[in-house]
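Some notes on the structure that comes next.
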There are 8 protein chains.
Amino acid sequence: KRQGFPEVIYGEGKTVEQIQAIIHAIKAKNNNILVTRVAKEKAAPILEVHPELHYDETARLIYWKREVAPANVGQGYIAVICAGTSDLEVAEEAAITAEVMGCNVRRIYDVGVAGIHRLLDNLEEIQHATVSIVVAGMEGALPSVVGGLVSHPLIAVPTSVGYGANFQGLSALLTMLNSCASGVSVVNIDNGFGGAYNAVLIDRLANKA
Amino acid sequence: KRQGFPEVIYGEGKTVEQIQAIIHAIKAKNNNILVTRVAKEKAAPILEVHPELHYDETARLIYWKREVAPANVGQGYIAVICAGTSDLEVAEEAAITAEVMGCNVRRIYDVGVAGIHRLLDNLEEIQHATVSIVVAGMEGALPSVVGGLVSHPLIAVPTSVGYGANFQGLSALLTMLNSCASGVSVVNIDNGFGGAYNAVLIDRLANKA
Amino acid sequence: KRQGFPEVIYGEGKTVEQIQAIIHAIKAKNNNILVTRVAKEKAAPILEVHPELHYDETARLIYWKREVAPANVGQGYIAVICAGTSDLEVAEEAAITAEVMGCNVRRIYDVGVAGIHRLLDNLEEIQHATVSIVVAGMEGALPSVVGGLVSHPLIAVPTSVGYGANFQGLSALLTMLNSCASGVSVVNIDNGFGGAYNAVLIDRLANKA
Amino acid sequence: KRQGFPEVIYGEGKTVEQIQAIIHAIKAKNNNILVTRVAKEKAAPILEVHPELHYDETARLIYWKREVAPANVGQGYIAVICAGTSDLEVAEEAAITAEVMGCNVRRIYDVGVAGIHRLLDNLEEIQHATVSIVVAGMEGALPSVVGGLVSHPLIAVPTSVGYGANFQGLSALLTMLNSCASGVSVVNIDNGFGGAYNAVLIDRLANKA
Amino acid sequence: KRQGFPEVIYGEGKTVEQIQAIIHAIKAKNNNILVTRVAKEKAAPILEVHPELHYDETARLIYWKREVAPANVGQGYIAVICAGTSDLEVAEEAAITAEVMGCNVRRIYDVGVAGIHRLLDNLEEIQHATVSIVVAGMEGALPSVVGGLVSHPLIAVPTSVGYGANFQGLSALLTMLNSCASGVSVVNIDNGFGGAYNAVLIDRLANKA
Amino acid sequence: KRQGFPEVIYGEGKTVEQIQAIIHAIKAKNNNILVTRVAKEKAAPILEVHPELHYDETARLIYWKREVAPANVGQGYIAVICAGTSDLEVAEEAAITAEVMGCNVRRIYDVGVAGIHRLLDNLEEIQHATVSIVVAGMEGALPSVVGGLVSHPLIAVPTSVGYGANFQGLSALLTMLNSCASGVSVVNIDNGFGGAYNAVLIDRLANKA
Amino acid sequence: KRQGFPEVIYGEGKTVEQIQAIIHAIKAKNNNILVTRVAKEKAAPILEVHPELHYDETARLIYWKREVAPANVGQGYIAVICAGTSDLEVAEEAAITAEVMGCNVRRIYDVGVAGIHRLLDNLEEIQHATVSIVVAGMEGALPSVVGGLVSHPLIAVPTSVGYGANFQGLSALLTMLNSCASGVSVVNIDNGFGGAYNAVLIDRLANKA
Amino acid sequence: KRQGFPEVIYGEGKTVEQIQAIIHAIKAKNNNILVTRVAKEKAAPILEVHPELHYDETARLIYWKREVAPANVGQGYIAVICAGTSDLEVAEEAAITAEVMGCNVRRIYDVGVAGIHRLLDNLEEIQHATVSIVVAGMEGALPSVVGGLVSHPLIAVPTSVGYGANFQGLSALLTMLNSCASGVSVVNIDNGFGGAYNAVLIDRLANKA
Ligand SMILES: Nc1ncnc2c1ncn2[C@@H]1O[C@H](COP(=O)(O)O)[C@@H](O)[C@H]1O
Ligand SMILES: Nc1ncnc2c1ncn2[C@@H]1O[C@H](COP(=O)(O)O)[C@@H](O)[C@H]1O
Ligand SMILES: Nc1ncnc2c1ncn2[C@@H]1O[C@H](COP(=O)(O)O)[C@@H](O)[C@H]1O
Ligand SMILES: Nc1ncnc2c1ncn2[C@@H]1O[C@H](COP(=O)(O)O)[C@@H](O)[C@H]1O
Ligand SMILES: [Mg+2]
Ligand SMILES: [Mg+2]
Ligand SMILES: [Mg+2]
Ligand SMILES: [Mg+2]
Ligand SMILES: [Mg+2]
Ligand SMILES: [Mg+2]
Ligand SMILES: [Mg+2]
Ligand SMILES: [Mg+2]
């Protein structure tokens, strides 16, 4: 395990008791901690027992940073890009995960393809990133457009936001896999954590962390 | 049937003899003619018998205009938009169909989403159209971007161009159905004819043809 | 933005507070407002804060018309057509959206394909429309039949009504995309709003709004 | 086996030699014979060896009637209904199968849903049938419309005719399974033989054959 | 409408008030009544207002027989066949529908394919039926086996009973559509009503009702 | 590698030269050999170079037995069961694979579910097997029926035989995965080799090979 | 029925009363009992009436062993293998089922493919098993890796654990069906019971139970 | 465009003449060239006209390096990993693409998951790479296993190699998207080029090219 990387727990389907026990064990080993997909109702009793932990309701993440990663402060940043409020949960799961893992993050959140000019207004900030995470639901076209505008690696994260022929994110997933922009790779639907993990690995390589 | 509208024959799966016979019958009734999806090998013997007809190899269309439609010349035009050579067949099926039905057409063909600036360079011509037909394969994101830039109706035509997770055009079809741009409606995969037919009906309404 | 067009908010997945805040911001800018997919329980507290707004329970729409669109009153109308009670929600979403956007609407609601004569009894009213919106669930065959009877553009809206091999509207969607009637284009499953938006754009072109 | 019923062989995937051998064996037992799905090239050498057999190229059927079924001549008939040339192969497979099995058949072939009046022109003949076989490709809407007009049982046969979102007949199949007309049951895509077999069983019950 | 046939209402998605109103209207016209897919909680208040109606909890049917159909009592019967308790709801929807429509019904319910001998023990009763309705979930193999044992028409009804690779009845549906037994036709998943409707039409033809 | 087990080569997609080279290398190491999925045209030149090998055209297998496996001759046998000519290729791939691997095989080939009595006629031989391989296409119901009649393990092999809603074997695959008979496990579509491999492992355990 | 085998009841979709009645009937016949898929809330009232039964909350199994199976104690064992807490329910359903049916079971539970060394640490115990049951969700790769390391039969059980492109277990199911390791056969998603049943049949053959 | 990056042409669906013309135009602008998916028959006449180009038959690539990229020679390398001969085409498309773009490549080709020890034998070379491209067909499990063994970014490339339930690569694609190893992102089925492009971008960041 790389220095400063948190121990990651997949919270979905685990009980409050199970998560409490795992956190208890990890703390003894002095590690950083990240628990993903923790619903609000499950987070409350966990934080009562472990009051030094943080919980982010939008991202549904519990996290704790004891050991500081050899951070790349001042050097580079990961751009987390999405269209708006609907994809916020997944975008924040990605952004906070990357921050907990020691990276700088810039959030660029109001830039859907149906209003291309808002995206272009933020172009410089996007292009200067080391790596981008692009989160999109519905038709999932944003990574293709961003991918054509940047020359760094881009991790595309489809979300399950949509209805009807969206088929729980299948539409956005297929769009991203078929992207005609080069330099786009894809993770699972709603997997903001996975998108961030990939971006962090790249950011560390680029910044010799 | 509206004045000047061609009699339309779906050529796929019909024999040379069947198509020849239908054309023969129609010509007697003095109509305009449009035969779709005619492969090159089938077109040759048909044009030998009916040398006054035209054949377009890219669009795979046979057509004949005897009666002139009450055209909207000089008034408005349909924009046919696509990314490049791969979608050319379907785009030309749409463009020529619209022309045979009496409309002005402007072709804007080198404008994929992975190179957004080429699209923006043509923006004025696109925005001044009465209606747009946007043809796209692979991830099919072009209609979403164009739809956000225009305020007229847009007919999206997915194509089967692509491979792997494209699933013969399913990817582009789902993208278009889920478009977060308003004013986008969709026809079947590779249905350039259908896209044009819809656009022509709208163009005629707009130009009181 | 065209004159008189409402600001449109996608209500699904937004909290009461988020919707209230957005409405508050829009009202300051003096626009018309349309909020789609608002469940009854969410609408009540919103209307308490904004009592001048209207809510339609069937269509699940909140709307407010302050600025009058340059309406096409007395000129033409959009026909909204469906089979019966099951598809009413989507049909009303379409009809009210079109009305809020300044169009005349005629509702023709008791005309499923399994009783073709009721459809034929309303034929003249349907044929005189500028554009039709045809809403259908189950097998979704109604647009094909209507499409063969009219010579104006037709927007087909599949609904998720049905069970078993309906697959949440997939059956109706595929039916409409494969329609052998010309002049039919399709929007997403249950997307009454999108169907109306397309129809309104066409209606304005036709009536020089 | 009911009297006069042919021995049925599924020809697809069988070699010329295998089919010849089976026919040879059956003839010794003095039965009627029906071989389905025999391509033209395979039929020729088979008929050379068994010149008393008949081959229908459209229906791709080889058949031979030695023993006469206790026919219901003059009593009732099966209506075989389809839209046009594209579905002819499957419709003829159904029609000839029913005839070989001793039933009267009326072909009503030019009646697609996009031209509902041609269907209504043939309504009386359809309504007087004992049972209908309705063959349709593309969106497959014809059985729903016919089903609403008749009060006898209707066997719907989807065909694989179409392209794009047709998915080799899936679209028509789903349409028929979701039919909102009562009295419609469905067989496999392109299974004209199976549609006929069901209709013949019903026709015999009705006519006490 | 044939004599004695009930007016049929699809109860799913209709409110208690809507169903009460429709029943009220029908009773005035003196018809028989059948309401399908009525959950227990919705049935109670309806029967309070219309106490002369019957409700079957397993079949989820409300029905009322005022006018007696010209029944085929003593002449023939429909066999309703299924494997066991899991498919009982759909089987009873079929059986009671057929009874309300004036037919004799024999229930043969403990005969799944994994215990073929129980099926064979009931063979004679099955073979003497005029028509069979075979209801099956999971792998849906029962119609193929029964179809090979009888020479009358068989309506196959797939159910959504199962899990995993059952995909809500898709597995059983495909099995039945691919049946290699002749004389099998299929209705929608869980459509016990539709299976019965088809069987009743055939039974009436056979028994000259 | 167990004694007497052949080296197995997946022949699909390999060139004649590649297969020849692999065989050459294996022979040097004195092993038994099995090459699967070798088309007739590819087999001929391979056997010219290696004339001591055997080729079975139906099973599309090349094989060579130099070292004799510690066979279970006279002790037990594997039953390979299928309906008829259509599934013969896959059944023979299974049967010969098992024989090459040193097991006794009994072929029971004319026993489809649509004619259950032929299956019952062979019941004793099936029940006395150590393990059964049941090969079925179309609706794939045979393993469910056999599974209910035997108390030994059963390997189900779906085939891609069928058309329309068969979807290249998907129908049979789903049927087998959903089998309500206990003791049935499944391998990939058309994987006769895999079915045999599993059966051989079981047979060896049972017969202490 | 083999000696010592329990009567098995599929608990899903059955009421408490139905399960109580069936248990009551079986106990009279003195058999062993296994009820699968019983939720905690349903188990409580059942055990109140039948206090001698056992309930396992993780496996959701009710069971009772009165008659002792001719056990293979001290001879061999079934290895039940999975990655971690997420797949525990299905793994325990398999393990306890096998134990109730009289087999020795070894649980090897912390060995996912993303940490291959933990698997290799347990290799000897796995290789010495008579047969393995490998339970895996998410991408379902574990059976392929284990299958390459053992020479006994392996039953793969996909689970529905995962999200997004997992499609309720479809991903794991396809992975297992396509396994390039020989000796792997597959049962339905989440079918721990079925996996165990197959393994028990093999174990008995191997140990002459 | 980054220095030394080739102009990339998607060769599929383009004619020999079209490709020749594009190459002609690029050479004038002095760029490096890469043409993907060029079948052998199409490559021959192209190389006749442009004899200085190279063609690789396995990878189906035409390429030309005139301008040398500021290479990272001696610094780091990309590992291209696959199981064997079946996935060679896609692996070589990736490897050669990366080389043409100026990166060092190490090929590790005989390491499928069904023989885990061959993979472990190459572990050190894999772990020392800057980034890995893992190519896999059939069940596609290799990226999950490799991903658990390395701490650098991994690009997974599913291939369409397989049959039956492989569904043209869908199985491998889903496996990779669901990978429980962190640091894995995915590109389209058979997209060796896209996998390499992503890896090259990362390699350049890491090696400050
Ligand atoms: N939201 C997530 N999506 C995908 N994988 C995750 C997620 N959260 C955690 N993981 C992975 O799951 C592993 C922990 O799984 P577990 O031991 O079940 O808690 C971590 O090492 C991560 O690789
Ligand atoms: N076109 C067809 N579609 C479906 N089933 C058929 C068809 N033709 C024949 N059959 C059935 O296949 C059986 C004969 O199969 P076989 O013995 O393989 O020739 C007949 O008894 C029919 O039930
Ligand atoms: N369970 C059912 N499944 C399918 N169709 C049904 C069902 N119940 C009623 N129907 C059909 O729905 C029609 C009534 O629909 P509605 O007017 O919406 O109540 C009836 O005439 C039947 O044809
Ligand atoms: N028809 C087949 N289906 C599935 N797997 C096979 C088949 N034939 C061979 N195999 C497997 O493929 C491996 C050899 O693959 P290869 O090295 O590509 O020839 C063998 O060890 C078998 O496990
Ligand atoms: Mg880029
Ligand atoms: Mg727009
Ligand atoms: Mg029309
Ligand atoms: Mg009817
Ligand atoms: Mg039969
Ligand atoms: Mg059994
Ligand atoms: Mg093995
Ligand atoms: Mg890793």
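As the structure is a computational prediction, the values presented were derived from the model and not from experiment. A note on names: the letters A, B, ... follow the listed sequences, proteins ahead of strands, and every chain is numbered from 1.
Other residues, nucleotides and ligands place no more than 12 heavy atoms under 6.0 Å from the CD atom of G/Q168. Dense packing is recorded around CD of G/Q18, with more than 12 heavy atoms of other residues, nucleotides or ligands lying under 6.0 Å away. The number of heavy atoms from other shown groups lying within 6.0 Å of CD (F/Q127) is above 12.
Rounded to the nearest 0.5 angstrom, G/S182 OG and F/N191 CG are separated by 8.5 Å. Rounding to the nearest 0.5 Å places OG of G/S151 at 10.0 Å from CZ of F/R204.
Taking the side chain as every heavy atom from C-beta outward, F/V187 and G/L177 never approach each other to under 4.5 Å.
Looking at G/F193, only its side chain comes within 4.5 Å of chain F, counting heavy atoms on both sides. Only the side chain of G/L173 comes within less than 4.5 Å of a heavy atom of chain F; its backbone N, CA, C and O stay farther away. For chain F, the nearby part of G/V184 is the backbone; its heavy atoms alone come within less than 4.5 Å. In this structure, chain G has no heavy atom under 4.5 Å from any part of F/S179.
Just one of G/D203, G/I202, G/N207 meets the side chain to side chain contact (heavy atoms under 4.5 Å, CB included) condition when paired with F/L205; it is G/I202.
Contact between G/G183 and F/L201 at its shortest, heavy atoms only, is CA-CD1, 3.9 Å.
Options G/V131, G/N198, G/V200 differ in how many heavy-atom pairs under 4.5 Å they form with chain F, and the most are formed by G/N198.
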